[in-house]
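Predicted model, so just to flag it, every value in this text is computed and none were measured. Numbering of ligands and ligand atoms starts at 1, following listing order.
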Amino acid sequence: MSARVSVFPVRPAAEAEGASLRNVDALVERGLVAAEARAPLDAVARRYAVSLTPAVAALIDPSDPADPMARQFVPDAAELVTAPEELADPIGDAAHSPVEGVVHRYPDRALLKLVHACPVYCRFCFRREMVGPGGDALTGEKLDAAFAYLAARKEIWEVVMTGGDPLILSARRVREITARLAGLDHVKVTRWHTRVPMVQPERITADYARALLVPGKASYLAVHANHPREFTPAARAALARLADAGHVLISQSVLLKGVNADVATLSALMRAFVENRVKPYYLHHPDLAPGTGHFRLSLAEGQALVKSLRGHLSGLCQPTYILDIPGGAGKIPVGPAFLSGCETPGSGGVAEDRDGRLHAYPPA
Ligand code: SF4
């Protein structure tokens with residue numbers, strides 16, 4: 001694990017222009033992949049989608065073989081290895097999908113999967129078998145059926161818009177969705193999940209940020225970022241436009257070996273969120289997606305890292321470490337625990353402070 005934290009863009013912002021890099025040829029031409037390394041990567045690209053936006057490509061240091069941005073977005077031959085425990089649908093979306101585009105796993109909230117494409121394709125994506133260029137958008141009769149389901153289930157208090165990345169939709173399409181959500185009286189909270197503010201920040205204009213608001217509902221927006229280097233001036237400005245428009249910003253990150261699995265990087269990442277008005281929310285243990293074993297660390301390693309954050313950072317900077325139980329049983333917090341010996345009703349307990357010292361707490 002590296003403790004080095006590089007926060008600033010490697011290339012000037014002016015280079016963050018042009019077209020996205022969508023195949024191995026483009027990566028070789030840009031100098032992000034050595035020509036002699038291309039054969040296995042072509043095989044990876046035939047199986048899993050590739051896309052790096054100009055903003056992401058500009059953040060990669062091609063001279064660093066362990067560059068954390070390259071690791072997130074440039075294909076790796078290790079993706080050709082699928083471990084026996086890995087699953088095409090690791091969090092069991094299909095088992096909880098009553099109609100196309102809706103995942104209803106918990107009683108009071110539902111996912112609305114609006115599109116199956118993204119501006120970037122993360123190499124660790126938990127939906128990598130379902131997302132890709134040209135991935136279907138939920139439109140027409142399918143969208144009508146999804147909204148009919150949401151309208152009929154009065155217990156749904158929150159709707160989470162996801163995909164793919166729903167912020168690739170045009171402002172016009174977004175307004176169609178938000179207008180329909182506004183008509184669901186029992187839905188009180190809406191939440192967008194997206195990487196766009198970090199990987200394509202120029203998309204988040206003030207007008208687009210307003211389009212994402214749902215009249216009459218509390219609007220949350222979960223920003224996906226995994227490394228402090230993603231907080232470029234353009235990304236920070238995009239986050240400010242979203243916060244200023246009235247969204248409550250929360251974070252989601254994936255704990256990834258070779259990207260952010262060290263205390264210094266995680267600390268800088270969580271502080272960057274808070275400095276940009278994004279409350280750290282979820283730090284996901286990596287899902288069992290196919291070809292992603294090179295990103296995974298053990299739960300014990302993850303707990304030790306999260307425990308270190310508790311000692312080092314403001315309470316505002318603490319995410320919840322989350323495991324999505326493989327197969328669809330849902331998300332659970334996976335510690336670490338700071339209290340033991342309190343399992344019996346009425347018993348006291350032993351509390352561990354941030355320096356590892358133990359303190360007895362009396363029985364009730
Ligand atoms: S943005 Fe999200 S859905 Fe899209 S590739 Fe990355 S992790 Fe997967």
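- If you check which protein heavy atom lies closest to atom 8 (Fe) of ligand 1, you get Cys125 SG, 2.3 Å.
- Of the possible polar contacts, one joining the Thr53 side chain to the Val199 backbone as a donor-acceptor pair under 3.5 Å is found.
- In terms of protein heavy atoms, atom 3 (S) of ligand 1 is closest to Cys118 SG, 3.6 Å.
- Backbone or side-chain N, O or S atoms of Cys122 do not reach atom 8 (Fe) of ligand 1 at under 2.8 Å.
- Comment: Asp25 engages Arg38 in a salt bridge, judged by a side-chain N to carboxylate O separation of less than 4.0 angstrom.
- Protein heavy atom nearest atom 2 (Fe) of ligand 1, with residue, atom name and distance: His224 ND1, 4.3 Å.
- The backbone N or O of Gly293 sits less than 3.5 Å from a side-chain atom of Glu86, completing a donor-acceptor pair.
- Taking the ring centroids of His284 and Phe126, they lie at or beyond the 6.0 Å cut-off.
- A salt bridge between Arg105 and Asp324 is absent, with no side-chain N of the basic residue lying under 4.0 Å from a carboxylate O of the acidic one.
- Of all atoms in ligand 1, listed by their number and element, those nearer than 4.0 Å to a heavy atom of Tyr121 are 5 (S).
- Under the 4.0 angstrom criterion for non-hydrogen atoms, Thr162 is not in contact with ligand 1.
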